[in-house]
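Because the structure is a prediction, the values reported are computed rather than measured. Proteins get letters first, then strands, A, B, ... in listed order; numbering begins at 1 in each.
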There are 2 protein chains.
Amino acid sequence: MLETTMKARVHVMLKDGVLDPQGEAVRHALGAMGFEGVAGVRQGKVIELDLKDGTSEAEVADMCERLLANTVIESYRIEIA
Amino acid sequence: MLETTMKARVHVMLKDGVLDPQGEAVRHALGAMGFEGVAGVRQGKVIELDLKDGTSEAEVADMCERLLANTVIESYRIEIA
């Protein structure tokens with residue numbers, strides 16, 4: 001029998017005020033390529049998880065706190081699909 | 001006068017079938033930490049752009065094709081906020 005699964009998506013972004021050199025490099029490169037009006041760029045991670053059905057959002061939050069995000073400098077947002 | 005701005009969010013993920021060692025490492029680590037039922041993990045990038053008002057989705061797609069994504073192995077998805 002196939003076990004049913006669910007998906008969760010986690011966005012991890014640097015907190016406001018934390019310098020994002022990778023995003024800044026992208027912003028600079030876009031300007032150099034002729035794209036105008038790019039005022040700011042922030043780059044983060046997205047993690048898609050295939051989980052067994054019934055996994056709670058609290059459990060995903062626990063994964064974020066303990067592994068997926070560095071909560072000193074990063075914030076995370078969970079979408080359960 | 002303040003120029004009005006808009007936001008776009010770009011998700012860049014490895015295409016299905018492309019090996020994702022980073023996601024696999026996260027899956028393995030979650031299992032080792034005692035989280036059960038994590039069947040698969042894919043890790044990608046999310047890029048948040050502050051753009052001048054009126055920037056078209058086609059222009060953002062052009063940024064993706066030329067800089068933000070490697071379309072040989074990555075797919076992208078654009079959300080205009």
Do the non-hydrogen side-chain atoms of B:I47 and A:V41 ever get within less than 4.5 Å of each other? yes
Under the criterion side chain to side chain contact (heavy atoms under 4.5 Å, CB included), I'd like the reasoning laid out for B:L68 against A:V26: C-alpha separation, chi angles, the key distance, then a yes or no. CA-CA 8 Å; B:L68 304 179; A:V26 170; 3.5 Å; yes
pair B:T55-A:V38: side-chain heavy atoms closer than 4.5 Å: no
Leading residue by heavy atom contact count with chain B [cutoff under 4.5 Å; candidates A:K45, A:R27, A:E36]: A:K45
Under 4.5 Å, heavy atom to heavy atom, which residues of residues 60-67 of chain A contact chain B? A:D62, A:M63, A:R66, A:L67
Residues of residues 73-81 of chain A contacting chain B, heavy-atom criterion under 4.5 Å, by residue number: A:R77
Residues from residues 7-24 of chain B approaching chain A under 4.5 Å (heavy atoms): B:R9, B:H11, B:M13
Heavy-atom pairs under 4.5 Å with chain A: which of B:A29, B:A39, B:G54, B:G44 has the most? B:G44
